[in-house]
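First comes the structure, then the notes that go with it.
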2 protein chains.
Amino acid sequence: MTCEGNFTKKLSERGYRVTPQRREILHILLHADAHLTPAEIFEEAHKKLPNLTEPTVYRTLEFLAEIGLAQEAYSEKSKSAYEISGYAHHHLICRKCAKEVEIPHVKVEGLCQNLEDETGFKLMQNHLSFFGICPDCQEN
Amino acid sequence: MTCEGNFTKKLSERGYRVTPQRREILHILLHADAHLTPAEIFEEAHKKLPNLTEPTVYRTLEFLAEIGLAQEAYSEKSKSAYEISGYAHHHLICRKCAKEVEIPHVKVEGLCQNLEDETGFKLMQNHLSFFGICPDCQEN
DNA sequence: GTCCTTATTGCAAAAAATTGCAATAAGGAT
DNA sequence: ATCCTTATTGCAATTTTTTGCAATAAGGAC
């Protein structure tokens, strides 16, 4: 089974079709160590699938996010970026140098629980982005 | 003094120019009860300033956010939206019906403090968006 | 394997957002 | 009030993202 097999299995189990395009995009997301923009994903996937088009990448990413296999990771200036859905985690991003620090979900869990209790909302929060200035940039 | 006077004053105090475009966009943001998209702001401002162009709206919003007079309020699917900078607050947004509940900053303050202490980052977090399903939509 | 249904893709076109640069006008100096 | 400097704007062109629709191909039935 290829590395994205677990994910394509979830697709077919849920009645969605497994296409080369979806397989390749999942593959790329799985091997990315950070989140990627649609443009980056297109560039990469296009090497393997020469007649893949941008609209397909955009629609596939949106689709994968909708069914929960990928998630949108908001980055600066509302440029969109995506990453594979894994363990819930969050990012602290420096507004100056763009350095990112990962925040484990446990840190945020208490707050989420409180919000759920108080508002009755069921949270689907698997990626928060906090912005700030990192220690290095504070000095300069 | 017009209603946006406080804001235009801050502009000139800090050496930025006060232009009809900036004045009008501030005016619109001030009278909005929610955050607005660049397109909505353009449409509105264009009535008063017929030869205002989109690029100016985009650049002005980005500029106002940069100097802290406005802030970007991330909404769904990374569409950008802006609101005037006031008291820090956050939103809990329903992914189904798009209903929004405001979350006062005090709820989030503790978490922010922890993150600052642990990472050394200085947070500039004046607007977080939490996503979930609201009580009404959970029933249906 | 072949056929059938329809989800998914690619293409073409449109809409939204961004960029570079010359023209304009804000605000200080005279 | 007029001039000067340069931040800011508008225009034109580009890039990015989205949409509609016909063509294709995934997956089930036979």
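Chain naming here is simple, since letters A, B, ... match the order of the sequence lines and numbering starts at 1 in each. Bear in mind that the values here come from a model prediction, so they are computed numbers and not experimental data.
Taking the ring axis of B:F63 as reference, the NZ or CZ atom of B:R22 stays within 45° of it and closer than 6.0 Å to the ring centre.
The two atoms that bring B:F121 and A:C134 nearest to each other are CZ-CB, 3.5 Å, heavy atoms only.
Shown here is B:E43, whose CD atom has no more than 12 heavy atoms of other residues, nucleotides or ligands within 6.0 Å.
At whole-Å resolution of the value, NE2 in A:H46 and P in C:dT9 are 15 Å apart. Regarding B:I67, its CD1 atom lies at a distance of 13 Å from the C1' atom of D:dA7, rounded to whole Å. One can place CD of A:E43 at 14 Å from C1' of D:dT16, the figure rounded to the nearest angstrom. One can place CD of B:E40 at 18 Å from P of C:dA15, the figure rounded to the nearest angstrom. Per the geometry, CD belonging to A:E54 stands 14 Å off C1' belonging to C:dT9, to the nearest Å. Remark: P of C:dT9 and CG of A:L61 are 11 Å apart, rounded to the nearest angstrom. Rounded to whole angstrom, the span from the CZ atom of A:F42 across to the C1' atom of C:dC11 amounts to 13 Å. As rounded to whole Å, 15 Å separates atom P of D:dG27 from atom NZ of A:K9.
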Are there any protein N/O atoms within less than 3.5 Å of an N/O atom in nucleotides 10-14 of chain D, and if so, which ones and at what distance?
from	atom 1	to	atom 2	distance (Å)
D:dG10	OP1	B:Q21	NE2	3.2
D:dG10	OP1	B:N51	O	3.1
D:dG10	OP2	B:T56	OG1	2.8
D:dG10	N7	B:R59	NH2	3.1
D:dG10	O6	B:R59	NH1	3.2
D:dG10	O6	B:R59	NH2	3.1

Tabulated below should be each protein N or O lying under 3.5 Å from an N or O of nucleotides 27-30 of chain C; please produce it.
from	atom 1	to	atom 2	distance (Å)
C:dG27	OP1	B:V18	N	2.7

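B:E118 and B:N114 form no side-chain donor-acceptor contact under 3.5 Å, judged by distance and modelled atom types alone. Side-chain contact, A:E24 with A:H46: no donor N or O sits under 3.5 Å from an acceptor N or O.
Contact annotation: the side chain of B:V18 approaches that of B:S12 to within less than 4.5 Å [non-hydrogen atoms, C-beta and beyond]. Using a 4.5 Å heavy-atom cutoff, the side chains of A:E83 and A:H89 are in contact.
Linking ILVMFWY residues whenever their side-chain heavy atoms come closer than 4.5 Å, directly or via other members, leaves B:I84 and B:I103 in distinct clusters.
Distance check: B:T19 OG1 to B:L11 CG gives 8.0 Å after rounding to the nearest 0.5 Å.
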